[in-house]
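Computed over heavy atoms, backbone and side chain alike; hydrogens, waters and symmetry mates excluded.
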Amino acid sequence: MKGRQKKLLMFFRHTMLWLNIAVAAVCLLAAYQGYMRPSSCGIIAVLGLAFPIMLLLTIGFLLFWLAVCRKMMLVSAVALVLTIPQQWALCPLNFDDDDEVADIRLMSYNIYGAHRSDSDFSQVDEIIHSNADVVCLQESPASIKAFAYNQGQEKTDSLCGMYPYSVFDEKITLAVLSKYPVELIEKFEDNKYFCYAVYSIMIDDRQLLVFNMHLESIGLTGHDKELYMNLTSPSTNDRSLRGVRSQLIGKLTKAFKNRELQADTISGRIADLRVKYPKASVVVCGDFNDTPYSYSYLTIKGALNDAYSDGGFGPVITYNRNRFYFHIDHIFSDDAMEAVRCFCGTTRASDHYALIADFKFR
C-alpha cells in the first residue's frame, strides 16, 4: 500500500513539474513575443495579452514547490528572473514624492467622441480636473463646438478658458489642447483605424515635439464583443462558444500584423523629426491598442522612456470595457524629460481611462 502511495506521489510531482515547465515556457514566450515581428510569428504575438495570467500561474507554482519540494522551485524562479523587465512594466513600484514639483503635466486621453454617458463625471470634467498643461485627445470631435453639443456650453466655455491654444482637424480624430502656443507640424490618417499628428509646443524657450497617435484597434463588432463576454463569463456552459475562439484570435492576429506596419511608420517619423529638430524634447503618446512589451510598444518606444514605468505605481488598466482590461495607452519621453509621476484618471465616461504624466525637465 505504501509503495503504491509513493508511486502516486511521484507521478503527481512529475505531472506538476511538467505543467510547471509548460507554464514557465509560455510565460517567457508571452514576455518576449514583442521582439518578434507579428507578421512572422502569427498567433504568438497574441500571447502577450496572456502575460499577466501566465505570470500569476508561474508565481503559483513557485509557492506550490516552496511548500512541497523546494528543489523544484528552480523552473519558476528562472522564469521570474528572466521576466523582471516585463514585470516592472506591468507593475512598477515607484513611490510618489509629494515634494517633487513637475515642470509640465501631460494627459493622453481617448475620449470616445466625447459622447455623453451615464457617468456624472464627464470627459470634459476629467480634463479640467486634471489641470494638465497639454492634453492629447484620440477619437476626438472635429471641433471644439462639438464639445458643446455633447457636453454642454458651460463646460465647453470652461475648457476654452483653460486652454487658449488648440488644434482640431476634420479628417483625423486627433486633437490637442494646450496652455502654451501650439502648431501642427504633420498629420496622417489611413481612413481606417490608424492616424497620427505631430505638434510643436513652445514652453518658454523650450520646444516640445508631441506625437499623438491612434493605432489600429482589434476591430471587433458588437456581436463579437457579446460573444467574448459570454466566452469569458465564469457561469457560461455553452459549448457552442468554443468555435468563437478561432474567430476572435483571427481578428486579434490581423490587428497585431497591421499595427506592426503602423509602428514601423511611427518609429521612422520619430527618427526623421528628431534629426530635423535636434534641440526639441520629444513626447510620444496615444492609444496604442497594444500592451507593454508588444512589438508596436517596443518599436515606437525605441530609446525613449515609458512614463508609467518610471513614475507609476502598481498594475494599471487604461481600457475599461467588455472585459478587455489591458494597459494599452502609453506616454513616452526622451532623456531631456523625467517622469516623476504617472497615473490614470477615474471616470468611466469613455471606454478608456485618461493617462496623466508629470515631467521635470532635466
Side-chain angles (χ1 to χ4, degrees), residues 20 23-35 44-66 73 75-98 100 102 106-110 232 284-333 337-346 348 351-359:
N20 189 181
V23 167
V26 175
C27 183
L28 286 168
L29 199 57
Y32 286 94
Q33 48 72 36
Y35 292 95
I44 294 177
V46 182
L47 275 181
L49 301 177
F51 175 67
I53 297 173
M54 303 314 298
L55 179 63
L56 289 175
L57 289 174
T58 303
I59 294 172
F61 272 111
L62 184 76
L63 297 176
F64 170 78
W65 292 121
L66 180 64
M73 292 169 56
V75 173
S76 292
V78 169
L80 291 175
V81 169
L82 292 177
T83 58
I84 287 176
Q86 289 82 355
Q87 293 174 49
W88 186 264
L90 178 69
C91 183
L93 299 174
N94 302 291
F95 293 93
D96 190 5
D97 184 356
D98 294 333
E100 196 82 38
L106 185 140
M107 169 189 273
S108 178
Y109 193 12
N110 183 323
T232 55
V284 179
C285 67
D287 177 4
F288 285 47
N289 276 305
D290 238 332
T291 55
Y293 277 83
S294 62
Y295 177 86
S296 59
Y297 170 96
L298 291 172
T299 300
I300 294 172
K301 178 176 176 290
L304 300 174
N305 305 305
D306 185 332
Y308 193 77
S309 291
D310 294 344
F313 183 87
V316 69
I317 61 170
T318 61
Y319 187 81
N320 57 49
R321 301 285 168 85
N322 307 117
R323 297 200 187 102
F324 286 99
Y325 299 134
F326 297 110
H327 178 182
I328 60 174
D329 298 81
H330 307 285
I331 300 175
F332 303 148
S333 68
M337 303 171 68
E338 176 189 2
V340 295
R341 273 177 296 275
C342 192
F343 55 95
C344 273
T346 57
R348 288 173 61 92
D351 54 355
H352 288 248
Y353 292 118
L355 189 63
I356 304 162
D358 289 340
F359 292 100

Are any of the side-chain nitrogens in Arg341 or Asp358 under 4.0 Å away from the carboxylate oxygens of its partner?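 Salt bridge between Arg341 and Asp358, a charged N being under 4.0 Å from a carboxylate O: yes.
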Check side-chain contact (heavy atoms from CB on, under 4.5 Å) between Ala339 and all other residues, then give those that pass, not counting sequence neighbours.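 Partners of Ala339 by the side-chain contact (heavy atoms from CB on, under 4.5 Å) criterion, ordered by chain and then number, come out as Ala307, Asp310, Phe359.
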side-chain contact (heavy atoms from CB on, under 4.5 Å) partners for Leu29, two or more places apart: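 Applying side-chain contact (heavy atoms from CB on, under 4.5 Å) to Leu29 gives Met36, Ile44, Leu47.
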Identify the heavy atoms of [X] and [Y] that sit nearest to each other, and give their distance.
| X | Y | answer |
| --- | --- | --- |
| Ile317 | Tyr353 | O-CD1, 3.4 Å |
| Ala89 | Ser309 | CA-OG, 3.7 Å |
| Asn20 | Ser76 | ND2-OG, 3.0 Å |
| Arg348 | Arg321 | O-NH2, 2.6 Å |
| Leu93 | Trp88 | N-CH2, 3.3 Å |

Gap separating the [atom1] atom of [X] from the [atom2] atom of [Y], nearest 0.5 angstrom:
| X | Y | atom1 | atom2 | result |
| --- | --- | --- | --- | --- |
| Cys344 | Met107 | SG | CE | 10.0 Å |
| Ile331 | Asp306 | CD1 | CG | 9.0 Å |
| Lys301 | Ser294 | NZ | OG | 11.5 Å |
| Met73 | Leu80 | CE | CG | 9.5 Å |
| Leu66 | Ile59 | CG | CD1 | 13.0 Å |
| Asp290 | Leu298 | CG | CG | 9.5 Å |

Do Tyr35 and Tyr293 have side-chain heavy atoms sitting under 4.5 Å apart?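 Counting from C-beta outward, Tyr35 and Tyr293 do come under 4.5 Å.
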Compare all side-chain heavy atoms of Thr291 with those of His327 and state whether any distance is below 4.5 angstrom.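 Contact flag for Thr291/His327 side chains = no.
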Can you give me every donor-acceptor pair (side chain of residues 49-56, partner residue at least two apart or in another chain, under 3.5 Å) with its distance?
none

With sequence neighbours left out, what residues match [X] under ring pair (Phe, Tyr, Trp, His ring centres under 6.0 Å)?
| X | answer |
| --- | --- |
| Phe288 | His330, Phe332 |
| Phe64 | none |
| His352 | Tyr319 |

